[in-house]
Structure formats: structure tokens, C-alpha cells
*Asks:* 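Take a look at the following structure, please.
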Amino acid sequence: MCGMPQQPPIRSTPTRPRRPDASMSLLTNVMDHSLDDGYAEAAARKKAAGDSGMPKTLRAKLGLAAGLVLAALVVTVGAAQARVAAPVVAKEREELVDRIDRETEAADKLEDSVDELRADVSARQRAALKNNGGNADSDLAGILSGAVAVHGPGVKLVVNDAKEAASGGDGNPRETSGFSDTGRVRDRDMQRVVNGLWESGAEAVSINGQRLTALSAIRAAGDAILVDNKPLVPPYTVLAVGDGQRLSTRFQNSADGLYLNALQESYGIRTGISVEDDLRLPAAPSVTVRTAQPSIEKSEKGTS
């Protein structure tokens, strides 16, 4: 035994006990360090700043108070400017109203003066026609020109808007003229009525007491009908002197009479025609001719 070599005893190094979750090192690391160091550091700085600085609620209150003060300042400045400008605006408005009143009064006076002058011219024209020998030619000229009042048999035609004038529909041909109400009488309707009466044999025509002449015009201003620039109010009463029964028949059978009948059936425009024994038409306000001159025949020049 003594001859056998002695081997040193083998020493085993002590080892730490192995954790059961050693194989799940990533999950363990996440569980042990749930908050990243950077986030933790930032949170610490924020907390330190909050503790050392002004409370958040106090800062919000101060900001709101500053905004209210600024808004109040703006309102105060605006009110002050309005108070300063109010007297100036009121004065300008008063001056404008006074000017409008003066101009309106002046226009009314001028219109009255024009009416007086027209009446004087008409009276002088009628006097000149009467003093011109009273021959048939002068009487005919006065009747045809509208310079003298006339009376005689004829027809009375009344044209009125529909009882319930309705707004036009889509694709309505009467809408193309710009009018919004198809149940109202238009200027072109009255033009066709008058032209139809002339064509049917009328010798003198008036609308609502307004005598028509060769210089008369029927126009529209908005939805109003003007005859010689004077507005008319419905119903429109048209008086036409002529052979009463014959004039009525010819007009109703004419294209313009049928057009008026179509307006009545399609749009409810009210019409009525009657034969009268004696109609009285006034003279036209004035008939002023500035350019036309009577033509003198050569034979007349030779004998003069």
C-alpha cells in the first residue's frame, strides 16, 4: 500500500444553486426592470421641476385670467371707438336723409311742371286744330294723332291677373323673359292685345285712361307695365273705338285674340270683352313731333 502513489484529493468548487427561471432570462429581465432607465430618469426630472416650479392649476388660472383681461380690453377699445364714431355716422345719415328729401321734393315739383306744360301743349294743339277751318282733314288728323278726345261705339276689354298668381314651373316658356310669376299679365301680352285691336279695325285705343298714339310705347319696369313711362295697375281696361260687333268678332278670331284666350286657359289670366254703344276716350297728354315734317307734293309747289 505504501508503494502506491498518493493522488491528491479532487476538490469540487462550490456552485450557486440554479434558479428555476434561469432559462427565461429575457422575461426575468423585463419583470425585474419594468421601467426603462431613461423613462425613469425623465419622470424624475419632471417631478423635480413640478415640485420646484409653479403648480399646474395655478398656471392655468393665470392664463385664463390673462385671456379674459385681453378680451375685455378689446371690447372696451371697440366700444370706445364706436362711441367716438357714432355722432359722425348719425350726422352723415341725417344729412343724407335731408338730401334725399330735398331731391325728392324737387323731382315732384319738376314732374308737376312737366304735367302742366304737357296739358298746356295739348290744349294749344286742340285749339289750333279747331281753328284750322274745321275741315275733315284736320279733324281726322286730330283723331288719329290722339290730340283730341273721341267717343263712339266700340269694345271694352278687361285683362286681369290670375286670382292666385303662382310661380312658374320648370321649363315654362313664360319664364324665359325673367318674370317669376306666370299668372300675371305682362307688357308683351298687352302689346299683342293692342296690336290685335288695331289690326281688327280699332280707330282709337286707350289703356286705363291712357290714350295711345303713334308714339306710345308699352314697356315693363320690373313686374310693372308702363304706358308712355306711366305705370299701370291691374286690372287693365282697354277701350277701343270702332265698329263694335265687327271689331269684337274679328279680334277674338285673330291670332292675338286666340293668344289671349290661351293665357286664360293655361295660366288663369282673367279676360272679358263686351260691345259698348258709346265709349269716351281722352286726348293724349301731348304729341310732340321734333323731326318729321309734312311732305309737299311737287304739284302743290308748282301752283304756289
Side-chain angles (χ1 to χ4, degrees), residues 100 103-122 125 144-150 154-163 165-168 172-200 202-241 251 256-257 259-260 263-264 267-273 279-292:
I100 292 174
E103 296 297 334
T104 301
E105 184 178 358
D108 292 340
K109 290 181 179 179
L110 290 175
E111 187 174 355
D112 293 340
S113 178
V114 169
D115 292 338
E116 292 178 358
L117 291 174
R118 284 178 176 174
D120 183 61
V121 170
S122 298
Q125 287 177 342
L144 296 180
S145 65
V148 297
V150 297
V155 296
K156 177 181 178 181
L157 177 62
V158 179
V159 184
N160 198 1
D161 296 337
K163 290 183 178 180
S167 298
N172 197 309
R174 290 172 65 84
E175 288 295 293
T176 58
S177 64
F179 293 111
S180 61
D181 195 344
T182 59
R184 300 191 61 182
V185 180
R186 307 303 177 198
D187 57 330
R188 65 180 183 273
D189 301 333
M190 297 307 300
Q191 290 172 2
R192 294 201 61 166
V193 167
V194 171
N195 289 335
L197 289 172
W198 287 123
E199 185 180 1
S200 299
E203 299 172 358
V205 179
S206 68
I207 303 177
N208 285 15
Q210 186 78 10
R211 180 77 173 274
L212 301 182
T213 68
L215 303 179
S216 296
I218 302 175
R219 297 189 180 92
D223 280 353
I225 296 178
L226 306 181
V227 174
D228 294 337
N229 295 325
K230 290 190 176 181
L232 303 182
V233 179
Y236 306 103
T237 301
V238 184
L239 302 181
V241 174
F251 172 75
D256 298 313
Y259 169 83
L260 189 61
L263 292 182
Q264 182 177 8
Y267 305 104
I269 290 177
R270 293 168 288 176
T271 64
I273 188 170
L279 297 174
R280 295 187 176 274
L281 278 62
S286 64
V287 179
T288 303
V289 179
R290 297 183 176 88
T291 305

*Asks:* Starting from the C-alpha separation in whole Å, work towards a yes-or-no answer on side-chain contact (heavy atoms from CB on, under 4.5 Å) for Leu260 and Gln264.
*Replies:* CA-CA 6 Å; Leu260 189 61; Gln264 182 177 8; over 6 Å; no
*Asks:* If you look at every heavy atom in Leu226 and Asn229, which pair is closest and at what distance?
*Replies:* CB-CA, 4.1 Å
*Asks:* Taking Arg270 for the side chain and Val159 for the main chain, is one N or O donor matched with an acceptor at less than 3.5 Å?
*Replies:* no
*Asks:* Apply side-chain contact (heavy atoms from CB on, under 4.5 Å) to the pair Thr271 and Val193, showing each step before the final yes or no.
*Replies:* CA-CA 11 Å; Thr271 64; Val193 167; over 6 Å; no
*Asks:* Find the distance between CG (Asp161) and CG (Asp189) and round it off to the nearest 0.5 Å.
*Replies:* 9.5 Å
*Asks:* Using the rule side-chain contact (heavy atoms from CB on, under 4.5 Å), only one of Ile225, Val238, Val227, Thr237 pairs with Asn208; which is it?
*Replies:* Thr237
*Asks:* Quick test of your reading of the model: are Asp256 and Arg192 salt-bridged, counting only N-O distances below 4.0 Å?
*Replies:* yes
*Asks:* Of the non-hydrogen atoms in Gly209 and Pro282, which two are nearest, and what is the gap between them?
*Replies:* O-CG, 3.3 Å
*Asks:* Which atom names give the shortest non-hydrogen contact between Met190 and Val185, and what distance separates them?
*Replies:* SD-CG1, 3.8 Å
*Asks:* Minimum heavy-atom separation for Ser206 and Leu281, please, with both atom names.
*Replies:* OG-CG, 3.6 Å
*Asks:* Is the number of heavy atoms from other residues, nucleotides or ligands under 6.0 Å of Glu199 CD greater than 12?
*Replies:* no
*Asks:* Judged by atom type as modelled, is there a donor-acceptor pair below 3.5 Å linking the side chain of Ser200 to the main-chain atoms of Leu197?
*Replies:* no
*Asks:* Return yes if some donor-acceptor pair links the side-chain N/O of Asp228 with the main-chain N/O of Ala217 below 3.5 Å, else return no.
*Replies:* yes
*Asks:* Which pair of non-hydrogen atoms, one from Ala204 and one from Arg211, has the smallest distance, and what is that distance?
*Replies:* CB-NH2, 3.7 Å
*Asks:* Rounded to the nearest 0.5 Å, what separates atom CD in Glu105 from atom CD1 in Ile100?
*Replies:* 14.0 Å
*Asks:* Report yes or no: does Ser113 contribute a side-chain atom to a donor-acceptor pair with the main-chain N or O of Lys109 at less than 3.5 Å?
*Replies:* no
*Asks:* Closest heavy-atom contact between Tyr236 and Leu232?
*Replies:* CE2-CB, 3.8 Å
